[in-house]
2 protein chains.
Amino acid sequence: MVETGRTGGGRASTMKDVAEAAGVGVGTVSRVLSGKGQVSTATRERVLAAVRAMDFRPSALGRGLKLQRTNNIGLIVADIANNFYGEFAEGVLSAAKALGKHVIVCASGEDPATEREYAEVLLQQRVDGVIAFPTGHNTDVWQGARRLGVNMVFVDRIVESFDVPTLMVDNIGGSRAATEYLLALGHRRIGYLGGPQALTSGQQREEGFRAAHHDAGAQVHESLVVRTRFTRDTAYASALRLIHGRPAPTALFATNNVLGEAALAAVRDSGMTVPDDISLVMFDDVPWAGLVTPPVTVVAQPARRMGVEAARLVSAPDQPAPGRPRVLPYEFVIRRSCRPWHEPDPLPGEG
Amino acid sequence: MVETGRTGGGRASTMKDVAEAAGVGVGTVSRVLSGKGQVSTATRERVLAAVRAMDFRPSALGRGLKLQRTNNIGLIVADIANNFYGEFAEGVLSAAKALGKHVIVCASGEDPATEREYAEVLLQQRVDGVIAFPTGHNTDVWQGARRLGVNMVFVDRIVESFDVPTLMVDNIGGSRAATEYLLALGHRRIGYLGGPQALTSGQQREEGFRAAHHDAGAQVHESLVVRTRFTRDTAYASALRLIHGRPAPTALFATNNVLGEAALAAVRDSGMTVPDDISLVMFDDVPWAGLVTPPVTVVAQPARRMGVEAARLVSAPDQPAPGRPRVLPYEFVIRRSCRPWHEPDPLPGEG
DNA sequence: GTGAAAGCGCTAACAA
DNA sequence: TTGTTAGCGCTTTCAC
């Protein structure tokens, strides 16, 4: 039989309804459902039968109001369509499920105003905790949240003068590994395509880049250090500018997957080839990294695992708040997007 | 100053607190905050001042309980890390933001038990609506949900004998376009790598595939029709089997991005080249489709727009429930993964 | 082992 | 214009 039309808000049944149907008090229904307190087997059966018959589902609203706890957590990412955040979110959802929590997901687009708006919303929703990739701008709201007893976990970014449990990948190490690899191959003009310097992850990746140069006694060409926003258009424009910069870079280090995508497109559109004309390394091991020709050497972040960790951290507030961020290891995955580089002789035949 | 340590659950202030601070009744505070009813400017100022001073945020729990409406909607996708669902979710989030709604995201992994579990959770949360890519199995729960007045929107799959507003891309048309394209290039042994036939989208894509063959007077090689689950491993194995099937396929049609990824990997691992040895078309215009060599010809779904539409539909229950699904247009994007195919002469030198 | 009742924070109806 | 109050659905204490 085909059910047709909309039935309009049929009222959901309540504990009171169930109690009446089972001929008991609401307290008893609650005890049965929560498993707390003693209930005789006979009454339990009657209650359970009524619950099934009425298709009763206890209201999380009433429960939350009484308990002052919702089992909901908020998640604020920059862009859920970006594979890195997608994997991260997958990890959060999966861990949350295991912990009996539910996740309200928000996308800030890296915009402080949007972040603030969502923070307000999540606080009104009385979430037990929030996991955020903070823009770094709305410290007052976040401070307030913490004061209210909302468990917080920040990911990827350290917010100054504000000691919140923070999770990040070893950005400096990953960046250093990538850069050392290029330097070892002989590259001395490495283009750096980075994100906004406001973000901790951006700062750290640049720090690793510089440290590797320093240790190798190599010089960073400041004209080849470009910072850009994570939108496709601006990233592409910046990549183009970098590729055609002076001195001409022999290798490119893109510090996330959006920038890597832009770099690859820009290289190709410039009629150049990876790795023959220019080598390429990037952060983030997205699916396409191994699929393009040549497959791209990457610094892989354990995105899913970071999500799992974040969900656990936000649900276990008893742990001592670590003074310093919890750092997860990167993995350097060498594929085929880099070639050794030897500076050509100044004038062929001479020397 | 660095704030240190956790403050523990500082109680959130309530309307009562604000009312006392402002020297008014709670009703007045409510009126000021909601903007409904008349309040003198002087009182309004006093109230607003108190609100700011106490950093008051009204509880969505109390409000929801009273109003029997939460402004929350549930979203159940299969896999949030899959770019298609990521784009879709992005659309939902963005439309929801504009509508003042908040989104609880769940990932079913196409598993009916998980879907059921999440459905229960969302109903307990008293969401106003839910957007789901249904597995097709838990009709009783969904029926119940509808009866309770929860607005529902299904995406991509039609659940039989259950008339819920449904949204999908023109699967038949898209599949037909892709197949016709391959047939027009001369291919007559086209491998079909499809998803589980339980899903409407799968059925329709296969239908389009067959219809195109029929119209062209071409024959579908049943040995080249393979259906597989969407996990990477099984998809890869199925792709391999398909590639080495008999008769040997000259082209491959993968019906989503996971299958397309598997197909591409399998082709390469078999030492073959796209499009010289085998042509490839797939559903879903993911970022890597244009990035690999050669770039892959695809049937693009308007994933983000579908998400926006779904969010609007679920928030506008007044609209007459359409008896048939709302179908959105695909876009066929021709890139360079297909070559014309001419059956080689039976014996060179003859004829 | 069970029922009655208070109260979580809010809105809306009613009274003043 | 403003204050008071009932009640949304639940948990928990207290009395029986």
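Throughout, protein chains are lettered first and strands after them, A, B, ... in sequence-line order, and every chain is numbered starting at 1.
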* To do: Enter the distance from A/F133:CZ to A/D79:CG here, rounded to the nearest 0.5 Å.
  => 11.5 Å
* Just by distance, do the side chain of A/D17 and the backbone of A/T14 share a donor-acceptor pair under 3.5 Å? -> yes
* Structure fact -> Distance col, row B/L48:CG vs B/R52:CZ, nearest 0.5 angstrom, shows 5.0 Å
* Any side-chain N or O of A/Q68 less than 4.0 Å from the OP1 or OP2 oxygen of C/dG7? -> no
* Asked: Ion pair present between B/R46 and B/E20, side-chain N to carboxylate O less than 4.0 angstrom?
  -> no
* Please check if the side chain of A/N138 supplies one atom and the backbone of A/V141 the other of a donor-acceptor pair under 3.5 Å. => no
* Structure fact -> A/L67 CG to C/dA6 C1', in whole Å, measures 15 Å
* Asked: Can you check the A/M15 CE to C/dG3 C1' distance for me, whole Å?
  -> 15 Å
* Counting N and O atoms only, with roles assigned by atom type, does the side chain of B/R57 sit under 3.5 Å from a partner on the main chain of A/L123, one being a donor and the other an acceptor? -> no
* **Spacing of A/L65 atom CG relative to C/dG9 atom P, expressed in whole Å** => 7 Å
* Asked: Do any of residues 21-53 of chain B sit with a heavy atom less than 4.0 Å from DNA chain C, and if so which?
  -> B/G27, B/S30, B/R31
* Asked: Between A/R304 and A/E90, is the closest basic N to carboxylate O distance under 4.0 Å?
  -> yes
* Separation of B/K66 atom NZ from C/dT11 atom C1', in whole Å? -> 5 Å
* Using chain B heavy atoms and a threshold of under 4.0 Å, write down where along DNA chain D the contacts begin and end, 5' to 3'. => D/dT1 to D/dG9
* From A/I76 atom CD1 to A/L122 atom CG, the distance as rounded to the nearest 0.5 Å -> 5.0 Å
* Asked: For DNA chain D, which residues in residues 118-129 of chain B have a heavy atom at a distance below 4.0 Å?
  -> none
* To do: Would you mind telling me which of A/I131, A/V164, A/L313, A/V159 makes a side-chain contact (heavy atoms from CB on, under 4.5 Å) with A/M152?
  => A/V164
* Counting N and O atoms only, with roles assigned by atom type, does the side chain of A/T135 sit under 3.5 Å from a partner on the main chain of A/E110, one being a donor and the other an acceptor? -> no
* Counting N and O atoms only, with roles assigned by atom type, does the side chain of A/T70 sit under 3.5 Å from a partner on the main chain of A/R126, one being a donor and the other an acceptor? -> yes
